[in-house]
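Numbering starts at 1 and runs along the sequence shown. Note: hydrogens, waters and symmetry copies are ignored here, and every other heavy atom, side chains too, is used.
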Amino acid sequence: MNKRIWRRGEGPVSIWAVPNVITIVRILFVPALVWAMIADAGEGGPLRWLALGLFVVGIGSDAIDGHLARSRNLISDFGKILDPIADKALTGAALLVLSYLGELPWWVTGLILLREIGITIWRLVEVRRIVMPAGRGGKLKTVVQAIAISLAIAPFPVIFGEWMHWVNTVAMSLAFILTIWSGIDYLVQAYFPKKRAA
């Protein structure tokens with residue numbers, strides 16, 4: 001077995017290192033998630049629960065591959081590029097299907113995706129000029145976004161009643177606000193470092 005897939009030795013990190021494989025699997029979850037949600041058609045049946053499971057496992061795997069990459073020195077350029085793409089693909093697909101099913105306004109999905117895709121592209125372009133670690137706002141946004149999307153996918157209204165729609169609305173509103181705010185804050189910190197340090 002190639003030990004470089006578990007821990008870095010001499011030479012570059014293998015594309016098939018465990019963190020990268022987890023990221024690839026997360027991307028493969030996307031079409032399955034989309035199929036399950038559309039096939040369920042908003043009925044809140046077994047396929048909707050399957051979609052929830054795929055999303056929760058997929059989004060949770062992001063923390064696992066990140067930990068493995070850092071703890072075992074398996075950070076690679078391939079992983080740096082693919083990891084944010086996998087995250088945005090999973091969350092973006094869920095949001096798009098929720099809007100397609102009429103469960104989330106299109107303008108909410110559009111603005112969230114505009115922020116996520118825009119910042120991701122900007123980071124890839126500017127990475128050689130500016131190295132910006134994820135701030136507290138971005139990390140909080142990611143957590144709240146994951147919770148809000150999980151609640152939106154889960155067929156809880158079928159079990160607990162219509163009041164769960166209010167819970168979903170509050171959670172998604174908070175995720176939306178944090179998404180927009182963290183995007184603006186990220187750009188301000190990048191281009192006005194003196195204000196950040198003040």
Side-chain angles (χ1 to χ4, degrees), residues 2-9 11-37 51-98 109 111-150 152-153 175-176 178-187 189-190:
N2 187 348
K3 293 182 178 180
R4 285 188 297 165
I5 69 173
W6 285 102
R7 183 180 296 277
R8 185 173 188 173
V13 175
S14 170
I15 290 178
W16 299 109
V18 173
N20 293 339
V21 171
I22 294 174
T23 301
I24 292 171
V25 171
R26 187 156 71 252
I27 292 176
L28 295 177
F29 274 17
V30 173
L33 170 70
V34 171
W35 171 81
M37 291 182 68
L52 175 63
L54 288 169
F55 182 80
V56 171
V57 172
I59 209 70
S61 71
D62 182 40
I64 296 174
D65 64 37
H67 172 72
L68 286 174
R70 291 186 298 272
S71 64
R72 296 179 179 273
N73 194 24
L74 289 171
I75 297 173
S76 64
D77 290 338
F78 179 79
K80 288 179 181 178
I81 293 173
L82 197 65
D83 187 68
I85 292 175
D87 296 340
K88 303 306 180 287
L90 192 63
T91 57
L95 291 170
L96 286 170
V97 177
L98 286 169
T109 294
L111 287 175
I112 290 177
L113 292 184
L114 179 64
R115 182 274 188 206
E116 297 290 3
I117 296 172
I119 291 295
T120 299
I121 293 174
W122 179 86
R123 290 180 69 177
L124 292 175
V125 171
E126 295 288 312
V127 67
R128 294 186 179 182
R129 187 179 71 86
I130 303 172
V131 178
M132 286 284 294
R136 292 182 180 179
K139 292 177 180 178
L140 178 62
K141 178 270 301 181
T142 300
V143 173
V144 175
Q145 208 177 72
I147 293 172
I149 295 175
S150 296
I153 295 174
F176 176 80
L178 286 173
T179 299
I180 301 303
W181 172 77
S182 63
I184 295 172
D185 181 62
Y186 192 92
L187 294 176
Q189 290 187 53

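- Asp62 CG to Ile22 CD1: the interatomic distance, rounded to the nearest 0.5 Å, is 10.0 Å.
- Atom CG of residue Leu54 and atom CH2 of residue Trp35 lie 9.5 Å apart, to the nearest 0.5 angstrom.
- The structure places CG of Asn20 at 9.0 Å from CG of Asp83, a figure rounded to the nearest 0.5 Å.
- The side chain to side chain contact (heavy atoms under 4.5 Å, CB included) with Lys141 is formed by just one residue from the set Ile180, Ile112, Leu178; it is Leu178.
- Across every non-hydrogen atom of Ile27 and Ala86, the tightest pair is CG1-CB, 3.5 Å.
- For the pair Leu98 and Ala152, the tightest heavy-atom approach, listed with the atom from each and the gap, is CD1-CB, 3.6 Å.
- Of all heavy-atom pairs spanning Met37 and Ala51, the tightest one is CG-CB, 3.4 Å.
- In this structure, the separation between CG on Leu111 and CG on Leu95 is 11.5 Å, given to the nearest 0.5 Å.
- The closest side-chain donor-acceptor pair between Glu116 and Thr179, if any, does not fall under 3.5 angstrom.
- Among pairs with a residue in residues 85-96, those fulfilling side-chain hydrogen bond (donor to acceptor under 3.5 Å, both in side chains) read Arg26-Asp87, at least two apart in sequence or across chains.
- Side chains of Leu113 and Leu96 form a contact here, defined as non-hydrogen atoms less than 4.5 Å apart.
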Worked check of side-chain contact (heavy atoms from CB on, under 4.5 Å) between Val25 and Ser61:
CA-CA 9 Å; Val25 171; Ser61 71; over 6 Å; no

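- Between Thr109 atom OG1 and Phe176 atom CZ the span is 10.0 Å, to the nearest 0.5 Å.
- The two residues Val34 and Ala93 have their closest heavy-atom pair at CG2-CB, 3.8 Å.
- Between Phe55 atom CZ and Leu90 atom CG the span is 5.5 Å, to the nearest 0.5 Å.
- Between Ser150 and Val56, the closest heavy-atom pair is OG-CG2, 3.9 Å.
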